[in-house]
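Take a look at the structure set out below.
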Amino acid sequence: MLYREAGQFKTTYAEDMAIFPIRQDRMALAILLGIAFIGVPLLADFDIWPFGSDYLLRAILLPFLILALAAIGVNILVGYCGQISLGSGAFMAIGAYSAYKLGTGVHIPLAWLGFAISIPPLPVLLSILLGGLAAAVVGILFGVPSLRIKGLYLAVATLAAQFFFDWVFLRVSWFTNYAPSGSVSAPTLDFFGLNVGTPIERYMLCLIFVTVFAFLAKNLVRGNLGRQWMAIRDMDIAAELIGIRPLYAKLTAFAVSSFIIGVAGALWAFVYLGSWEPLAFSIDRSLQLLFMVIIGGLGSIMGAFVGAAFILILPILLNRIPSELGVPLSTETITHLEFIIFGSLICYLLIKEPHGFARLISIGKEKLRLWPFPY
Amino acid sequence: MRMPDTSEILLQVEGVSLAFGGVKALRDVSLDIRKGEIRAIIGPNGAGKTSMLNVINGFYHPNRGAITFKGRTRAQMQPFEASRGGIARTFQNVALFKGMSALDNIMAGRTLKMRRGLLWQMLRYGPALAEEIEHRHRVEEIIDFLEIEPIRKVPVARLPYGLQKRVELGRALAMEPDLLLLDEPMAGMNLEEKKDMSRFIIDVNDHYGTTIALIEHDMAVVMDLSHRVVVLDHGVKIADGTPDEVKNNQAVIEAYLGVAH
Amino acid sequence: MGQFLEVLIGGLMSGVLYSLVALGFVLIFKASGVFNFAQGAMVLLAGLALVRSLDLLVANGFPLWVAIVLGIGFAAVIMAITAWLIERFVIGPLVNQDGLTLFMSTIGVTFILEGAAQMIFGSGSYPLRLFPTDAWFLFENLFPGGILVNKLDVWGGFIAGVLVAGLAIFFQRTKTGRALRAVADDHMAAQSVGIPIGWIWFVVWLVAGLVALVAATVWGTKLGVQFSITFLALKALPVLIIGGLTSVPGAIVGGLIVGAGEKLAEVFLGSHIGGGIEYWFAYVLALAVLLVRPQGLFGERIIERI
Amino acid sequence: SPAAAQNEQFIPILSYRTGAYAVNGVPYANGVADYYNLVNERDGGINGVKLLVEECETGYATDKGVECYERLKGKGPTGAAFINPLSTGITFALTEKTATDKIPIITMGYGRADSKNGAVFAYNFPLLGTYWSAADIAVQHIAKEVGGFDKLKGKKISLLYHDSPYGKEPIPMLQVLAKKYGFEFTPIPVTHPGVEQKSQWLSIRQNRPDYVLVWGWGVMNGTAVKEAAAVAYPRDKMIGVWWSGAEPDVEPAGDQAVGYKALMLQHGAGKFPVHADIEKHVYAKGKGASEPGKIGEVLYNRGMVNAMLGVEAIRKAQEKFGKKPLTGEQVRWGLENLNLTDARIKELGFEGMLKPIKISCSDHEGARDGRVQQWDGKGWKVISDWYTANQSETEPLVEEVSAKYAADKKIQPRDCSKES
Amino acid sequence: MSIPEAAKATETATPFLSVNNIEVVYDHVILVLKGVSLDVPRGGIVALLGANGAGKTTTLKAVSNLLHSERGEVTKGSILFDSVEVQSLSPNELVRRGCIQVMEGRRCFAHLTVEENLLTGAFTRVDGKSAIAEDLERVYGYFPRLRERRGSTAGYTSGGEQQMCAIGRALMSRPKMILLDEPSMGLAPQIVEEIFEIVKDLNVRENVTFLLAEQNTNMALKYARHGYILENGRVVMDGEARALAANEDVKEFYLGIAGDKRKSFRDVKHYKRRKRWLA
Ligand SMILES: Nc1ncnc2c1ncn2[C@@H]1O[C@H](COP(=O)(O)OP(=O)(O)OP(=O)(O)O)[C@@H](O)[C@H]1O
Ligand SMILES: Nc1ncnc2c1ncn2[C@@H]1O[C@H](COP(=O)(O)OP(=O)(O)OP(=O)(O)O)[C@@H](O)[C@H]1O
Ligand SMILES: [Mg+2]
Ligand SMILES: [Mg+2]
């Protein structure tokens, strides 16, 4: 009786097409946003446990938000458009390094032409967004082979992007402003004169980014373009025969996805790490993002969040449990156990629900709807 | 039976041959489809019927021959030409988008008609929303017409085969085609459902004037619905004419019908 | 010229060593359509089981050859148990699910194997000396310094050749080979015609485990048995897709192409643009091949029919 | 009891006992843990303040390292005394954070070379030697082997390096030195984790450099030695940095490693009086972290030295701030004023492992001495005298790079002449 | 048509297959079968009729124990095949015991050739190569079109060819009982006749039992001896095939005969609301 759409009549298609047509869902979302936007800052402000220490903000929520954003990007490509990509890390890196260059000033000496291209350091917000744009452009470029290469073959082929850009940012010292170690650090985070420095400020910044992009992404995937992506994913030949252009659909998916991933990469570098090297965007990151999307549920924006939480936070929790309980285990054993348990949970979850958390949630809702009857 | 009032030729296939390695799927087949008619293509299994449809909408490229559609002649069709030119189709092995709801599947059929760009869709505001709603109206009409209201939001993978076929027809109708190619739309249906399907086909043909090319193995359906029938066997056209002519054609009886129906 | 030949030969050889790892992928993919992310972890597990039991036996006074035989036997048993567990508890219950789900489950398996292998057998670096690791210098009268050929590489190549021949026969036209391919196409239809999927998968994972063991003997000799051995999987991927995910001989050919290509690129191109290019070069090579043949050189055609 | 808990000094250990670099991470972490344990077991802590230690596994991954740091930095009554990430990548990521959190970051023998300049990097302590010092020492040793600096002219020296900030650090210094002495310098990158080096060594076989410096970590070192053997490059022309000169780097290669040389971060392998204490007070009670047979290995000893320097810094700080748990800011003072004389080193049982070390505001390195050791198939043998890195060579680069950092980060460098 | 006496004689009191009041749930929440019971006598031919989505396919999958890989499960009731509880047998064990299913939708192994497809059907057989080769010939005899296409990759063959291939593949296992799901779908009229003749032939000569889900009610009731009609996951009517065929409702809804005359498809009324039996 708690969760039922009966009695909620929709009289226009606009109402029927809302993100959450059911009132209870809307309320749940409002509560969640309320906690995220008001609750967390308040708690942190009053130093109430567990937000008193920076730990939760800086070590958990910040990476969670940024990786969830990246996962949304990956989900658009993999979950909605069906193009498996293992190169997401590279696109994060492109976002990060482009934003870094733009934020610290671009100088391209064209000696043989007798002049140089110089762009003064751009404001941080603009550099981050342009970083995303750069990632989108490269994304389109690396999306072109997807017209011919499909499935797992494409997945492995996207690794070319991953390794190539790892190498580029290591080797081309122009990108790192000729830092001797190849490690660079972010410019100070000034947003319209506001310096974003404390953990809670950083958290709010990321939260705003994530909320806005999640909303835009949700709009896209439930609109015409989203349907084209899913059509390509589900049956590309039929899609083509009903007039969907694979070129356009796939490349827009690559572009939008890379854009979001690039922005997330810039945030990861600027807001979370502060100082980074290409290893921060290695193949491990790409895989991690893919795991998030699969576990969360392919083709679900909310799934990206749940998946990010599972893949990012669960290992940390598992790792912490023994020391919190005071069980005397060596870190080595703890880590090995963490691996074993984490792996087992992944398998267990998949066996229980091969389509990830998103499906689990929708089945849960369906059960709630039927409650108290089993079916 | 009422014949279509025009004899204008919408599509003409001339001398088309198609081979896959050693398999000759089509051998020098010519046929025409007149505007407004229901044209059936029949023949034994593996005769090349589906291949013919694939040639018409550009999925297969014939080795030889020419295709004239709406007055333009070309050696082969391209899928985008076909879809933009107003050719829609359903598939023999249901080719729905499995992960999407019935509604979304049909909405996808309207891709060609939707104009708003990426940025508008991202905001889903103003013109983008208006466009979405406008097309939703059209799609709801189709849903209503096909009587699939209750399954609008069900993921199509969960639907029984028969309903999937209907959704697929809906998707094709959403394209508002001039020429509708139906590949065994009634396979796997019982009589009642076949009747429904027949009704839909006739209504589409009558009310919208849509030209229809139909492959079907149920002879009763074919004979009742179609204006003209072409018969293929082993890639060769062996007969072409009104249902009655075809029914009594000796070659057809031997190759396909067996006992006279 | 001498250097070119040397790099070419060295590249071809080291490519074949990757093929050893790639073969494991091919086997499982061919038989169940599962892209087995855990292949690297299986090499680690097999290697650790082998080297640790070997050390223990030698320390207890067994003669070396007895220890080797027993050690390999022990490692094989471990791989069999692993195969059984994976089939029973992970892949078995996931029959008929789509490729990405299965892929993800093998990632779960990877975590479990890496954790368990190191917890049981230790996370150090353990030297393994089964094959000679020095080199021959050929044609010393033709080229100054001769052309260097690693003995280990030759051994690896030889073993890979034998494996491929054996596996190719296994897959070719035997009843089980046919059943394996049927399972890869459609789990449920295979079940419906009475193919015992569980048993088939156990056998395949076992064979993949044994291939991992073989890879571990060669790579363990080269690197020492240690965690880094799992990274071989990444180097095996371009090999795998160049050859085609479903082709056993393709794994070898892919290895030859990748090995030669990346080594030549690194030596002759890398020095001009800063070096370290072989990782991405292998993948770009793979990309180039796929653009021409989307299913790899010897992979099964991707069926497009409507 | 709560009262006792109040009298504890919290020290986090960031370690990696799993993953690709565990082979080298484990002995190091063991040394660190054992020494803290020794201080508690033998002395009852530092002047009665017990050491409370917690390990956190980073797996050598930057983001995990950041998480560990955030998790542990606030623990204990006064928070972390200092942090020791044992990874150049994590060091880079934490440098700014530790400064705001006021927790010193000790990077003994690694980290960013420019952070030696305490005026800019108030909280970074690259004790005992940066990579620029290491590069300088290595070149000094080569000069000695070839018979003088003037003989370096025209020689070919290659650097085989781990393609990461860690491996790249020495490059600018070596370029400076190459210019100065006229040797030909070629950097050769090896992609992480370094399991595949065939093409690198085939190039080396062709170019025949006179020396190959190895800046590797983990599996890369052992593989380099084996590949060198395979192409018959003389092992005694290879010189590893001090992170490429421990037992796990050579043991897997067996006989092929004989002759391989490596720099020493002052100490080498072997047992010293402090080891006896550890065996007596820690291992006898069954509280040791390591396999007993591995006590005294190079990386184990390095972990111990590292822990000892931290403990001594706390002790120093207690002199000023009182015998109680101290904050990171207070420990930072202790570090900056640390002055270990030969006598004190002997007292601590480290005689023969260390030379005196004196840290100051402008010099967070404290000492820049090293020796060279060689593997003889069974153990490491010291084969050289002490070298001291030439400050006139390293210092200009330190100034230049740290000034740039200060400008980027808008840091006002301290005036060290005014620091006590 | 008359029921073959020989077959009738072998029918025994205990049914070969008996489905007792089963309930099937997909995805833990979608209840599809709501208590279906049916018996198939040894050597019988039983037709399962019903509209789209009535649950025919689900019933057959429950019998061959293939549901769990579709995330469905039998939550109530029991299925006995040859007096053994089906739930305790694996699908391949069932095939070994002689119960094979021809799945709906021509699930051929796309990458195998037609002949390889047929041979996989013989996987469980142990009676030697020559017996298998003989049966292969027999299948080619039934479906000459398959012989023509024996070397082609099944994924590229036409829909009807794939359907023949799927049926032929099941025949290759020499089953005692065949669960046929929509065998006539997509087949040319002659071939449909041919298939039903094969059913009759196998039934009479080799005493093979059939349970067939079929939309072609006409044909099904002609060849079957018993029929069950499913609606919405329930059995709403069952009985002798002849009795069913004579039923007025069945005539109208399934056979399209009203007042003893077939109506043209052109003239059908547009049913807005269909009449349904109430369960
Ligand atoms: N995997 C599934 N998940 C959820 N629901 C399913 C699934 N498979 C079938 N169903 C539902 O079960 C019901 C019965 O389906 P079933 O396929 O058994 O019908 P059928 O009688 O064989 O129909 P048809 O004549 O179309 O083949 C349908 O309503 C369908 O929506
Ligand atoms: N892409 C292809 N590659 C190889 N052979 C093909 C291909 N497409 C069709 N064929 C072959 O061409 C012949 C005609 O096939 P088609 O699908 O057109 O038959 P059909 O008339 O539709 O038969 P059905 O009634 O069984 O659907 C068949 O023998 C088929 O195997
Ligand atoms: Mg067809
Ligand atoms: Mg069905």
Side-chain angles (χ1 to χ4, degrees), chain A residues 5 12-19 21 76 79-82 136 212-249 251-253 255-256 259-260 297-300 355 358-359 362 366, chain B residues 54 57-59 78-80 82-91 94-100 103-125 128-137 139-140 152-153 156-157 168 171-172 174-175 177 181:
Chain A
E5 69 245 70
T12 64
Y13 288 133
E15 266 177 52
D16 189 49
M17 287 169 357
I19 300 186
I76 285 182
Y80 285 95
C81 196
V212 170
F213 276 106
F215 179 70
L216 296 181
K218 183 78 196 174
N219 279 346
L220 268 186
V221 299
R222 67 209 175 100
N224 186 27
L225 197 55
R227 284 191 296 267
Q228 294 187 37
W229 291 339
M230 291 189 276
I232 289 283
R233 168 193 72 189
D234 287 341
M235 188 150 284
D236 51 353
I237 301 173
E240 189 177 354
L241 294 181
I242 66 163
I244 292 171
R245 279 171 298 158
L247 178 79
Y248 176 75
L251 293 192
T252 46
V256 171
F259 177 79
I260 297 179
L298 292 165
S300 155
H355 297 281
R359 177 68 71 82
S362 76
E366 227 152 294
Chain B
N54 283 338
N57 74 347
F59 182 60
Q78 294 302 330
F80 63 89
S83 54
R84 235 162 298 162
I87 302 181
R89 78 174 277 190
T90 66
F91 303 91
V94 184
L96 283 170
F97 308 128
K98 289 255 161 33
M100 298 157 70
L103 177 66
D104 279 344
N105 265 284
I106 302 176
M107 283 294 278
R110 298 203 60 85
T111 301
L112 275 175
K113 305 227 169 330
M114 295 179 81
R115 296 267 167 268
R116 293 292 155 203
L118 192 148
L119 290 177
W120 273 118
Q121 289 184 41
M122 205 145 88
L123 296 172
R124 204 187 173 90
Y125 180 75
L129 190 60
E131 182 182 54
E132 185 86 10
I133 290 174
E134 177 201 325
H135 287 275
R136 174 76 186 266
H137 272 289
V139 166
E140 287 291 341
R152 243 191 227 115
K153 302 213 168 155
V156 289
E168 206 182 20
R171 186 178 68 188
M175 294 171 69
L181 312 175

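Everything numeric here is computed off the predicted structure, so don't read it as measured data. To find a chain, count down the sequence lines: A is the first, B the second, and so on, and within it residues start at 1.
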Under 4.5 Å from any heavy atom of chain B - which part of [X]:
X	value
A/Val256	side chain
A/Arg222	both
A/Ile237	side chain
A/Ala255	neither

Is there side-chain contact between B/Ser83 and A/Ile242, with heavy atoms separated by less than 4.5 Å?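 No - every pair of side-chain heavy atoms lies 4.5 Å or more apart.
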Among the options [options], pick out the one with the most heavy-atom pairs lying under 4.5 Å from chain A.
options	result
B/Arg116, B/Glu132, B/Met122, B/Arg171	B/Met122
B/Glu131, B/His137, B/Arg110	B/His137
B/His135, B/Met100, B/Lys98	B/Met100
B/Tyr125, B/Phe97, B/Phe80	B/Phe97
B/Met175, B/Lys153, B/Gln121	B/Gln121

Contact part of B/Leu103 toward chain A, heavy-atom cut-off under 4.5 Å: side chain, backbone, both or neither?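 For B/Leu103, there is no contact with chain A at all, as no heavy atom is under 4.5 Å.
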Which atom of [X] lies closest to which atom of [Y], heavy atoms considered:
X	Y	value
B/Ala95	A/Met235	CB-SD, 3.1 Å
B/Leu123	A/Asn219	O-ND2, 3.4 Å
A/Glu240	B/Pro79	OE2-CG, 3.6 Å
B/Asp104	A/Arg227	O-CD, 3.5 Å

Rounded to the nearest 0.5 Å, what's the gap from CG on A/Leu241 to CG on B/Leu181? Could you check?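 Answer rounded to 0.5 Å: 10.0 Å.
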Could you grab the distance from atom CZ of B/Arg124 to atom CG of A/Leu220, nearest 0.5 Å is fine?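 Taking CZ in B/Arg124 and CG in A/Leu220, the distance rounds to 10.0 Å.
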Salt bridge (Lys or Arg N to Asp or Glu O under 4.0 Å) involving B/Arg84 - partner list, sequence neighbours excluded: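 For B/Arg84, no residue satisfies salt bridge (Lys or Arg N to Asp or Glu O under 4.0 Å) once neighbours in sequence are set aside.
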Please rank A/Ala231, A/Ala238, A/Ala239 by heavy-atom pairs under 4.5 Å with chain B and give me the top one.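 Option with the top pair count is A/Ala231.
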Partner set under side-chain hydrogen bond (donor to acceptor under 3.5 Å, both in side chains) for B/Glu134, not counting sequence neighbours: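 Here no residue qualifies.
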